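Computed from a predicted structure; not experimentally measured. Numbered from 1 within each chain, the chains take letters A, B, ... in sequence-line order.
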2 protein chains.
Amino acid sequence: MVEPQPGLSATELAAYFAFTEVSALLRPAVEQQLRDAGSLSYVQFQLLARLGDDPTGSRSMTDLADGLVYSRSGLTYQAQLLDQRGLVTRSTSPQDERRVVVTITEAGRAVLATVFPGHIAVVRGLLFESLTTHEVDSLATVLGKVGDRLRAAPPRSASPRRRKAS
Amino acid sequence: MVEPQPGLSATELAAYFAFTEVSALLRPAVEQQLRDAGSLSYVQFQLLARLGDDPTGSRSMTDLADGLVYSRSGLTYQAQLLDQRGLVTRSTSPQDERRVVVTITEAGRAVLATVFPGHIAVVRGLLFESLTTHEVDSLATVLGKVGDRLRAAPPRSASPRRRKAS
DNA sequence: TATTGTTATACTCTATAACTATA
DNA sequence: TATAGTTATAGAGTATAACAATA
């Protein structure tokens with residue numbers, strides 16, 4: 001455990017701190033907007049958005065869990081809340097009766113539509129307001145590259161399911 | 001409420017999604033490392049790091065709160081935990097007896113030292129591994145710019161203290 | 001036997017409001 | 001009266017483990 005690598009370079013440190021800072025300010029602002037405009041938690045918004053993106057408007061629980069970092073029980077909890085509000089329905093899959101298919105409802109799409117403009121306004125105001133087109137470009141390129149790599153070799157936290165202890 | 005602005009451009013969307021994705025994967029990985037290596041929550045780490053950075057090793061509660069987004073009670077809670085573990089001491093300021101001065105202890109510095117290499121390793125592995133020097137550069141520049149702006153005009157979530165209702 | 005999902009439970013964290021004490 | 005901080009309390013969210021049901 002003797003540090004095999006030197007510390008981060010000054011530029012890396014600056015990039016890391018800046019990333020952390022932006023993230024720490026952006027996230028709560030977005031969460032507050034989602035709560036104010038649609039009484040949605042961030043996870044709930046992600047779930048709805050993902051379902052809304054899908055042409056069928058449906059996904060299995062496992063599908064939904066795989067993209068996010070959350071545990072299955074956590075996902076069940078959030079899906080229940082959405083279900084109770086009528087923003088989503090849950091039904092057993094005919095093909096595989098173990099699976100639960102979650103489907104966004106009209107009401108769910110309506111909430112999404114209500115929330116979206118404000119969401120975009122917050123992101124624009126906090127993240128993009130002061131950036132040039134070129135800077136946005138480079139941000140997309142660089143972070144896109146990082147994201148690609150993380151998706152290809154996900155950290156433990158995103159592993160689909162923990163295997164048995166022994 | 002007729003959307004006053006068009007949506008985000010394709011590039012902006014890409015940048016935002018990438019940012020979100022990286023953030024969503026980096027944060028839990030860092031949190032897990034901090035917990036495993038030093039039984040620290042992210043906030044606790046931030047507090048210790050900030051105190052460790054200070055030449056005096058001390059800050060008032062308000063000082064500490066201002067940089068972070070958390071409420072005062074939340075900060076008291078975390079500071080208590082650090083205090084109980086002996087990583088920090090709290091004492092009344094002589095100049096202003098309303099203030100509580102938080103000071104990092106030797107044990108606190110030791111935990112910080114224990115945790116730091118792994119912390120850096122995680123950040124390097126997830127964030128910087130695949131980036132060129134130039135890309136890190138541009139990341140630091142662009143996000144630094146965003147951070148500067150956010151610090152100058154903070155969102156409500158970071159406002160020092162909510163004023164009375166009326 | 002492995003996989004999908006839910007439930008029960010415990011725990012961590014955060015925020016609000018009321019309160020004490022000092023400036 | 002305003003500011004600094006704590007405490008009491010309540011609520012949201014998450015994870016772990018045990019469980020039931022299907023493949």
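- The distance from atom CG of A:Asp83 to atom P of C:dT7 is 11 Å, rounded to the nearest whole Å.
- For B:Glu97, the listed nucleotide lying nearest its side chain is C:dA23; candidates were D:dG5, C:dA23, D:dT14.
- In this structure, the nucleotide among C:dT7, C:dT4, C:dA21 sitting nearest to the side chain of A:Arg72 is C:dT4.
- Here the nucleotide nearest the side chain of B:Leu81, chosen from D:dA2, C:dC13, D:dT6, is C:dC13.
- With D:dT6, D:dA15, C:dC13 as the candidates, the nucleotide lying closest to the side chain of B:Arg35 is C:dC13.
- If you take CG on B:Leu139 and CG on B:Leu127, they are separated by 6.5 Å, rounding to the nearest 0.5 Å.
- Side-chain proximity of B:Arg90 to the nucleotides D:dT6, C:dT14, C:dT6 is greatest for D:dT6.
- When side chains are defined from C-beta on, B:Arg27 does not count as touching A:Ser23, because their heavy atoms never get closer than 4.5 Å.
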Practice problem: Evaluate the salt bridge (charged side-chain N to carboxylate O under 4.0 Å, His left out) criterion for residues A:Arg35 and A:Glu31: first the C-alpha distance (whole Å), next the side-chain angles of each, then the deciding distance (0.1 Å), finally the verdict. | Solution: CA-CA 6 Å; A:Arg35 207 165 290 285; A:Glu31 286 187 344; 5.7 Å; no

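- What separates CD of A:Gln80 from P of D:dG13 is a distance of 13 Å, to the nearest Å.
- The base of C:dT16 sits with one of its N or O atoms less than 3.5 Å from a complementary donor or acceptor on the side chain of B:Ser73.
- Using a 4.5 Å heavy-atom threshold, the side chains of A:Thr92 and A:Arg99 count as separate.
- Look at B:Lys145 and A:Glu135 and you find a salt bridge, because one of the NZ, NE, NH1 or NH2 atoms lies within 4.0 Å of a carboxylate O, short of that distance.
- Using a 4.0 Å cutoff on non-hydrogen atoms, the parts of residues 53-64 of chain B near DNA chain D are B:Ser60, B:Met61, B:Thr62, ordered by number.
- In this structure, B:Gln78 and A:Val101 both approach DNA chain C, and ranking their closest nucleotides by distance from the 5' end singles out A:Val101.
- Across the protein-nucleic acid pair, B:Arg27 atom CZ and C:dC13 atom P stand 11 Å apart, rounded to whole Å.
- Closest to the side chain of B:Arg99, from the set D:dT22, D:dT7, D:dA4, is D:dA4.
- For the pair A:Leu82 CG and D:dG13 C1', the interatomic distance rounds to 14 Å; values are reported in whole Å.
- Residues B:Leu75 and A:Leu40 each lie close to DNA chain D; by heavy-atom proximity, the contact nearer the 5' end of the strand is made by B:Leu75.
- The distance from atom CD of B:Glu31 to atom P of D:dT14 is 11 Å, rounded to the nearest whole Å.
- Residues B:Phe17 and A:Leu143 have side chains not in contact (no heavy-atom distance under 4.5 Å, counting atoms from C-beta outward).
- In this structure, B:Leu47 places its CG atom 12 Å from P of C:dC13, rounding to the nearest Å.
- Residues A:Arg50 and A:Asp63 come closest through the heavy atom pair NH1-O, 3.9 Å.
- Closest to the side chain of B:Val43, out of D:dG13, C:dT14, D:dT6, is C:dT14.
- Of the candidates C:dT22, D:dT22, C:dT16, the closest approach to any side-chain atom of B:Ser71 belongs to C:dT16.
- Comparing D:dT14, D:dT3, C:dA15 by their nearest atom to the side chain of A:Tyr77 picks out D:dT14.
- Following rounding to the nearest Å, A:Gln84 (CD) and C:dT6 (P) show an atom-to-atom distance of 12 Å.
- The distance between atom CG of A:Leu34 and atom C1' of D:dG13, rounded to the nearest whole Å, is 16 Å.
- At a threshold of 4.5 Å between non-hydrogen side-chain atoms, the residues B:Gln44 and B:Arg85 count as touching.
- Distances were taken from every side-chain heavy atom of A:Asp96 (C-beta onward) to each of D:dA23, D:dT3, D:dA15; the shortest belongs to D:dA23.
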